[in-house]
Structures are given as structure tokens and as C-alpha cells.
> 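Here it is, the structure in full.
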Amino acid sequence: MAVRLPRLSNLLISFEMNLPRRLSQLNYLNNFMSSSQSFTEFYSSLIQQCIHTRSLMDVGIVQTHMIKSGCIHLSVGNKLVDAGLKCGSISYARKLFDELPERHVVIWNSMISSYVGRKKSKEAIGLYEKMVLDGVFPDEFTFSSVFKAFCNLGLVNEGRRAHGLAVVLGLEVSNVFVASALVDMYVKFGRMKDGRLVANRVVDKDVVLFTTLVVGYSQHGDDGEALAVFRNMIKGGIKANEYTFASILISCGNLDDLSNGKVVHGLAIKSGSELAVASQTSLLTMYARCGLIDDSLRVFKGFLNPNQVTWTSLIVGLVRNGREELALTKFRKMIRSSIVPNSFTLSSALQASSSLAMIDEGKQIHAMVTKFGLDRDIYAGAALINLYGKCGSTEMARSVFDDLIEIDVVSMNSMIYGYAQNGFGHEALQLFNGMKDLGLGPNEVTILSVLLACNNSGLVQEGCQIFATVTNNHNIELTVDHYACMVDLLGRSGRLQEAEALVKQVRNPDVVLWRTLISACKLHGEIEMAERASNKMLELAPGDGGSHILLTNVYASTGNWSQVIGMKSTLRDMKFKKNPAMSWVDVDREVHTFMAGDLSHPRSREINEMLENLTDRVKILGYIPDTRFVLQDLDEEHKERSLHSHSEKLAISFALLMSSNKDTVIRIYKNLRVCGDCHSWIKFVTKVIGREIIARDAKRFHHFKDGFCSCGDYW
DNA sequence: CTAGGGTTAG
């Protein structure tokens with residue numbers, strides 16, 4: 001049972017009241033003096049009591065009394081400052097500190113470390129400089145606090161200067177606290193070499209010093225070195241703790257090194273620190289990055305009270321492993337358990353919604369972004385721009401973009417890409433051209449996005465010009481995707497020779513690149529080049545059915561039916577199954593999927609009635625079925641029937657059946673490219689029904705309105 | 001009376 005001390009203020013008030021009565025006062029003092037030997041000890045015990053009750057008011061009373069009795073000298077004065085700090089008022093402590101006639105190095109250290117601990121690094125450094133000027137030598141305690149202050153403020157040169165002083169005073173590596181603070185500072189500045197040099201000189205390395213290095217390498221992308229340092233530590237007989245595990249597991253995940261990850265997992269269990277939240281979270285992340293998402297889920301189940309970071313790590317892991325649906329389920333569960341999401345969480349949830357093109361879900365998360373004040377956060381912002389871009393709402397994307405306070409390369413890329421996939425080439429170019437004025441340098445993704453924008457809008461010259469500039473800019477490394485985009489741009493505009501020449505420039509051409517060229521050949525009926533390219537492609541990927549299909553389509557589109565038959569038998573021999581064309585719509589959060597000629601939908605009869613009706617009406621307006629898009633050797637009537645029941649037409653008919661509100665935009669999705677005949681059909685349909693239709697195909701968005709499409713019939 | 005290291009992102 002703790003002894004209950006009398007409240008100090010009451011004690012002192014009676015002390016004051018008795019002041020005129022000398023006898024009483026003396027008695028009172030004598031009481032204390034009998035157990036204490038001096039005023040110093042008397043005040044020390046009073047101060048101790050203040051700290052015990054954490055009462056700043058009592059500290060003030062003692063201070064007043066000490067001043068009155070003229071008893072503020074070295075050790076008691078320092079104790080008073082310490083009491084001020086412990087009672088939670090750094091400003092009061094500072095005031096006392098400044099008034100002290102003499103200051104011990106300990107109290108300098110206490111003040112400095114309190115400032116650092118309260119994120120007031122500027123003040124900490126101010127005091128450090130003042131102490132050096134006053135001729136007080138910093139000691140090992142001073143340095144272990146002050147390096148962190150330089151680190152917090154990013155003051156590299158000042159930190160190096162303090163390092164120099166520590167060397168002069170012989171304190172650099174003689175104390176492992178100083179050394180690890182110093183190493184941490186260099187690590188956070190990204191100067192791994194400087195940090196490593198300091199660490200190497202420490203004789204008695206401990207777990208903190210090693211962990212600092214492990215964290216440094218891990219966070220700066222050198223996971224192999226992190227693992228090497230970790231092994232070194234274990235070999236040296238030093239046991240890892242929860243801090244070490246939290247970091248090294250992330251490195252195992254980054255290296256996709258499951259076997260080491262499992263070994264470390266075992267070590268963590270043995271050491272008993274596997275229950276610490278951060279190391280558990282890293283374990284979860286390690287399994288997710290190694291692709292073992294079920295193990296992540298198992299780790300997650302082990303948490304009694306998952307926190308914000310834990311939930312977020314799980315959601316991030318799920319999205320990474322293509323489990324977007326489950327990611328959103330977990331996200332909703334997290335919100336229901338009153339865990340506040342942060343911008344990491346929300347951007348991941350938004351990413352999940354974008355991948356699934358779930359615009360309503362995304363909009364709800366947008367509302368949460370606003371609710372939690374993250375509207376202007378660059379991460380949440382970029383995720384929102386991606387969402388709206390992927391869902392075909394460039395206006396919303398732009399409005400999010402315009403509200404951002406800070407625009408970085410990634411948010412810029414998201415916006416340019418959003419314009420690109422929706423066919424707003426000029427807008428994309430305008431942003432791209434304005435980057436210089438904003439001080440933003442384009443990166444690989446920027447270039448790919450802007451080239452895609454040119455490609456999707458037929459801005460051939462602009463695209464070529466940008467490509468030429470980038471070829472001479474060695475800061476940007478062109479990938480096969482950049483080339484594929486240019487090949488598509490040149491090829492589709494009919495500049496096939498240039499496109500083929502460009503393919504030949506690529507050192508490691510991939511299947512997609514050849515396929516792009518062949519598609520262009522198909523568009524322009526260039527059978528010879530297509531055959532040339534197909535041979536190259538088959539050398540590269542002999543079993544690739546996609547190239548066979550493509551070549552078959554080239555023959556079909558040019559009417560070479562004998563070759564088509566030959567190709568089809570080859571395909572049969574390969575047992576290749578074509579990825580069937582499919583369209584879908586989202587009605588009340590339920591996805592309805594359609595294949596060509598699909599009769600499986602429960603409302604199939606009504607859908608077909610709607611379809612007949614629409615087609616009859618568009619024919620009156622001038623729609624003529626374009627049978628060139630039927631790649632089978634059928635007679636004209638059968639070709640027309642085949643076109644009539646394309647999946648996108650079924651999806652639109654169903655969507656119309658389900659929503660009579662004229663203001664609602666109809667959105668459909670298709671896994672392959674939209675066919676030319678359907679494209680024309682949809683344009684006419686928007687005229688007939690007076691509504692907007694947005695179609696996302698495998699490559700881009702088409703915004704159909706009043707008989708026109710945003711792609712300008714170029715896709 | 002004073003000191004050092006960790007987990008989630010496009």
C-alpha cells in the first residue's frame with residue numbers, strides 16, 4: 001500500500017500562515033530538519049513530492065518559496081526544472097531554466113531530450129548550440145538526443161558538424177547509444193555509407209545498433225544487405241527483438257524470399273516477440289508480398305486488437321494479390337469496428353474499387369476521404385483520379401486534381417492517364433506541356449501516358465515529336481511498352497513501314513509488341529507484313545495462341561478464307577481456347593454478364609425484344625450493319641445475325657431495360673475491344689434514346705453521346 | 001534528475 005502524502009500546497013499554506021509566529025515556524029521547520037539535513041534536502045523532498053503528484057501548481061509554490069529563502073542554487077534548481085518537465089510543462093521548465101544562475105549538464109540534457117520528445121527539434125538544437133557557446137561540454141546523453149533533432153529537421157550539414165564535435169570529445173563510438181543515434185541520423189538522411197562507417201567502429205554492438213542498420217538498408221531498397229546485417233547479428237550471438245523482426249520481415253517480403261521469411265518467423269516465435277503488433281504486421285506483409293495471402297489472413301486472425309496499420313496492411317496485401325472483393329469486405333469491416341482509416345487505407349480501398357470499376361463503391365469511399373480530411377492528400381488524390389479515370393468520369397477526376405494543393409509526378413500521371421484512356425488527347429497534352437512550369441520532370445509513366453493519349457486521339461505528329469525528344473533524354477528509360485504505343489500510333493495511322501522499323505529497334509521485343517504491329521497490318525490489309533511479324537512472334541513464343549488468332553483474323557478480314565481454315569485447324573491442334581468476348585453491366589451492385597448470342601439471362605426474352613426494337617429504330621436513322629466485322633465465312637444474312645447479338649448490344653439492351661431514368665448514364669464493360677459495327681450501332685442508339693452511354697473496352701473508354709463518340713471513331 | 005531502433009502507399 002502506498003503511503004498517502006499530504007497535499008503539498010496545504011502544507012505550504014500552513015507554513016506561510018505560521019510565518020509570523022516564529023516558534024511555530026521553527027517547530028515546523030524542525031520537523032523537517034530532523035529528517036533532512038539541510039534546506040537543499042528539504043526542498044529536494046518537496047520537489048520529489050511535486051513530481052509524485054504531478055502538480056505544476058505545487059512546483060510554482062516551492063519555487064516562490066525557494067526564491068524567498070534565496071535557496072535556488074545548483075542542484076535544487078536543476079531538480080525544480082526537472083519537476084517542471086515531469087509535470088508536463090516544458091515552457092515553465094524553460095523559464096525556470098533560463099533564470100538559473102548555474103546549470104548542470106544533466107539539466108541541459110533533460111531540456112534537450114524533452115524538446116526532441118515533444119517534436120520541438122528547433123528548440124532542442126537552439127539549446128545545444130547555446131550550451132556549446134556557454135562552454136558546457138555536451139556528453140553522451142546530449143549527443144544521443146541531439147542527433148535525432150538534426151535528423152527530424154533534415155539538417156545534414158549541422159548534424160555532420162555535431163558528429164565532428166562528438167569525435168573530438170571522444171564520444172562518437174565509445175557509447176552505443178550515441179553511435180546508434182548517429183547511425184540512425186545518417187540512415188534517415190539516406191547516407192547509408194556514413195552510417196555503416198560509424199557502426200563498424202563500435203566495439204560492443206547491440207541489438208539497437210544492428211536494427212538501425214537493418215531498418216536503413218530495408219527502407220532504402222537494399223534488402224539483401226539488410227538480410228546480411230541481420231545474419232551477422234545472429235552469428236554474433238545477439239538476439240533479435242520485435243523491432244528487428246518488424247523490419248527484417250519486410251525485407252524478406254521485398255526479396256520474395258519465403259524461405260528466409262519462414263526462418264525469421266520461426267526465430268520470432270522462439271524469441272516470444274511474435275505477438276508484438278508491429279512484427280506481426282510485418283509478418284502479414286511478408287506473406288502478402290510473397291504471394292501467400294492466405295497465410296497473411298491467418299496471421300491477421302491472430303490479432304486480438306488489430307489497429308489502423310494492421311487493417312491497412314491486410315487490405316493492401318489483398319489488393320496486391322488481386323483479391324479486391326475481399327479487400328473491400330475487410331475495409332467495410334474495419335470501418336464498422338470504428339477503426340479510422342488513413343490515406344494508406346483509403347487509397348488502397350480506392351484502388352480496389354477502380355480495379356473492379358465499382359464507381360458507386362468508389363464514390364462512397366470518396367465521401368470518407370472528405371470526411372477524414374484527406375481530400376487534398378496526394379496519395380488519396382491520385383487514387384481518386386485513377387478511380388474516376390478508370391470509371392470514365394474525367395470531369396470528376398479533374399475536379400479532384402484541381403483541388404489538390406500539391407501536385408506531384410504521380411498525381412499528374414494519373415490525370416494524364418485518365419485523359420488518355422478516355423480519349424481526351426488535347427487535355428492530356430495541355431497538362432503535359434504545363435509540367436515544366438510546375439517544376440515537375442516527367443518520368444517513364446508520364447511519357448507512356450501522354451503517348452497513349454496521342455495514340456487514342458490520333459495525334460500522330462504530337463506523339464512522334466514527344467517520342468523523339470524522349471529518345472534523346474537519358475533520364476527516361478524507354479520500355480517495350482513505350483515502343484508498343486508508338487508502333488500502334490504509327491501503324492494505325494497507316495505508317496506501317498515506320499512502325500515495323502521501330503519494332504526492329506527494340507532489343508527485347510515481346511509478344512505484345514508484335515501483336516500490335518500485326519493488328520495494324522490487319523487494319524490496313526497488309527498481309528505480307530503480318531505474316532512476317534507472325535513468324536517473328538512465333539519464334540519468340542511458339543505456343544502462343546493469341547498470335548495465331550490474330551493472323552487468322554488478318555486473313556479473315558481480307559477474305560482469305562482458305563488460309564483461315566488452315567489456321568483454324570492449327571489452332572485446334574494446339575487445343576487453344578479463345579478468350580470469349582464478354583460484356584457486363586453493373587445494376588444495383590450486381591454484375592450481369594453477357595456473351596454473344598447469350599440466351600442464359602433470366603430476362604433474355606425481354607432483352608431481345610429491347611434489342612430488336614433498338615436495332616429497328618437505329619436502322620431508320622441510317623445504321624447499316626457492317627458485316628466486315630464478322631470474321632467467319634458466312635453468308636450476308638447470317639453475318640448480320642451474328643453481329644446483331646454481340647455481347648455489348650445485349651448488355652446495353654439489358655441496362656436500358658433496367659433503368660428508365662433519362663439522366664442516368666449507362667455504363668457497360670467489355671473484356672475485349674469494342675467491335676466496329678457495335679461502335680456505330682451504339683452511336684445511333686444514343687441518338688434514339690437521348691441518353692449517354694459509356695463503354696469501357698479492354699483498351700480505353702468510349703463516351704457516346706448524341707450520335708458521336710469521344711474517340712472520334714479512332715481506336 | 002538526462003539517451004538510441006519498428007509495421008501500411010501510387
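The chains referred to below are lettered A, B, ... by the order of the sequence lines, with proteins before strands, and numbering in each begins at 1. Values below: every heavy atom of this structure, side chains too, minus hydrogens, waters and symmetry copies.
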> Which part of the nucleic acid, if any, lies within reach of A:Q219 when heavy atoms closer than 4.0 Å are counted: base, sugar-phosphate only, or nothing?
sugar-phosphate
> Check every strand shown and say whether A:V410 touches a base, only sugar-phosphate, or nothing at a heavy-atom separation below 4.0 Å.
base
> Any idea which heavy atoms bring A:S353 and A:L328 closest together, and the distance?
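Minimum heavy-atom contact is OG-CD2, 3.9 Å.
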> Under 4.0 Å, counting only non-hydrogen atoms across every strand here, what does A:S110 touch: a base, just sugar-phosphate, or nothing?
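Sugar-phosphate: the residue A:S110, judged by heavy atoms under 4.0 Å, touches backbone atoms but no base.
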> Contact class for A:T211 (heavy atom, under 4.0 Å): base, sugar-phosphate, or nothing?
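Since a base atom lies under 4.0 Å of A:T211, the category is base.
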> Students often get this wrong, so: under 4.0 angstrom with heavy atoms, is A:D206 touching a base, only sugar-phosphate, or nothing?
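Base contact.
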> Looking for any heavy atom pair under 4.0 Å, which part of the strands does A:N307 touch: base, sugar-phosphate only, or nothing?
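Result for A:N307 = nothing.
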> Once you apply a heavy-atom cut-off of 4.0 Å, does A:L209 come out as touching a base, just sugar-phosphate, or nothing?
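It contacts base atoms.
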> Touch check for A:A382, heavy atoms < 4.0 angstrom, all strands: base, sugar-phosphate only, or nothing?
base
> Identify the 5'-most and 3'-most nucleotides of DNA chain B with at least one atom closer than 4.0 Å to a non-hydrogen atom of chain A.
B:dC1 to B:dG10
> When all nucleic acid strands are considered with a 4.0 Å heavy-atom cut-off, which category describes A:V116: base, sugar-phosphate, or nothing?
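No contact.
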> Are A:T142 and A:N109 linked by a side-chain donor-acceptor pair shorter than 3.5 Å?
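Yes, a side-chain donor-acceptor pair sits under 3.5 Å.
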> When all nucleic acid strands are considered with a 4.0 Å heavy-atom cut-off, which category describes A:V215: base, sugar-phosphate, or nothing?
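The answer is sugar-phosphate, as A:V215 gets under 4.0 Å only of primed atoms, P, OP1 or OP2.
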> Would you say the side chains of A:Y128 and A:E158 form a donor-acceptor pair under 3.5 Å?
no
> Tell me what A:S348 touches on the nucleic acid: a base, only sugar-phosphate, or nothing, going by heavy atoms under 4.0 Å.
nothing
> Taking atom types as modelled, find out whether A:Y419 and A:R398 have a side-chain donor-acceptor pair closer than 3.5 angstrom.
yes
> What nucleic acid atoms does A:Q351 come within less than 4.0 Å of, heavy atoms only: base, sugar-phosphate, or nothing?
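Sugar-phosphate contact only.
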> Do we see a donor-acceptor contact under 3.5 Å between the side chains of A:D375 and A:T370?
yes
> With a non-hydrogen cut-off below 4.0 angstrom, is A:S343 in contact with a base, only sugar-phosphate, or nothing?
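Base, at least one base atom sits under 4.0 Å.
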> Base, sugar-phosphate or nothing for A:V105? Non-hydrogen atoms, less than 4.0 Å.
nothing
> I would like to know whether A:E129 and A:R161 meet salt bridge (Lys or Arg N to Asp or Glu O under 4.0 Å); could you show each step before the answer?
CA-CA 11 Å; A:E129 283 168 349; A:R161 212 175 302 139; 5.6 Å; no
> Any side-chain donor-acceptor pair under 3.5 Å between A:S180 and A:T212?
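Distance-only check fails for A:S180 and A:T212.
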